[in-house]
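Please read the structure below before turning to the comments.
In the text below, chain A, chain B and the rest are named by the order of the sequence lines, each starting its count at 1. We use all heavy atoms of the structure for the numbers below, so side chains are in, but hydrogens, waters and symmetry mates are not.
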Amino acid sequence: MNRWLMKSEPDVFSIDDLRRVRVEPWNGVRNYQARNFIRQMHKGDGVLIYHSSCAVPGVAGLATVANAPYPDPTQFDPRSEYFDPGSDRGNPRWTLVDVRFQSKLKRVITLEEIKALPKLGDFALTRRGNRLSVLPVTAAQWEMILGLE
DNA sequence: GCCAACGTTGGC
DNA sequence: GCCAACGTTGGC
């Protein structure tokens, strides 16, 4: 099993929204590095749901990857904000997975706390200029972060 | 292939 | 709202 962190702006789609809908197609990722991580996902992989661009950024809940990666349908929808006229139906440019709610943490584990972990090691979330919306988490990082709850 | 301009992300 | 970081675009 691989482990990932996926960002969402809680004002747009929060862990409470995911709990309500149970399974959500994680569409709209339009960054090649993030897409390449999505393509490495497998059904059952663990996901940290991270709240970004909000008062207290941090990990808010747990989810799992619900299925194998498949083409993001919004790239072919001219009415979608994620429409990509340059994407070829024979070779779709953008990929997504569905994300299944697992649990909401009792409290948000904040970015500040995560940054302060002494043995966190190299982690895309705390690297300079952190902008990736989907990024890998090692087993050790996963344990350390959830150990803060 | 270079690089300036531009747009976006995201913490603060 | 500000601004640093950084990805993308497009002219050359």
Expressed in angstrom and rounded to an integer, what is the separation of A:R93 atom CZ from C:dT8 atom P?
11 Å
Without decimals, in angstroms, what is the distance between A:N31 CG and C:dA5 P?
18 Å
Are the charged groups of A:K104 and A:D16 less than 4.0 angstrom apart, N to O?
yes
Taking 4.0 Å as the cut-off, does a side-chain nitrogen or oxygen of A:Y32 come that near to OP1 or OP2 on C:dC6?
no
Calculate, to the nearest 0.5 Å, the distance between atoms CZ and CD1 belonging to A:R3 and A:I145 respectively.
11.5 Å
note: A:R35, atom CZ; C:dG7, atom P; distance rounded to Å ~ 15 Å
To the nearest angstrom, the CG-P distance between A:D11 and B:dT9 comes to 14 Å
Quick one: A:E9 CD to B:dT8 P, roughly how many Å, whole number?
13 Å
Taking only N and O in the side chain of A:K7, is any of them less than 4.0 Å away from OP1 or OP2 of B:dT9?
no
Expressed as a whole number of angstroms, how long is the span from A:L125:CG to B:dG10:P?
10 Å
With side chains defined as the heavy atoms from C-beta onward, is the minimum distance between A:F13 and A:V21 less than 4.5 Å?
yes
Nearest-Å distance, CH2 (A:W94) to P (C:dT8)?
7 Å
Tell me whether the side-chain N or O atoms of A:R128 pair up with the base of C:dA5 as donor and acceptor below 3.5 Å, since no angle test is needed here.
no
Hey, is A:R30 close enough to A:D84 for a salt bridge, meaning N to O under 4.0 Å?
no
For A:Q33 and C:dT8, what is the distance between atoms CD and P respectively, to the nearest whole Å?
9 Å
Could you tell me whether the phosphate oxygens of B:dC12, OP1 or OP2, come under 4.0 Å of any side-chain nitrogen or oxygen in A:K115?
yes
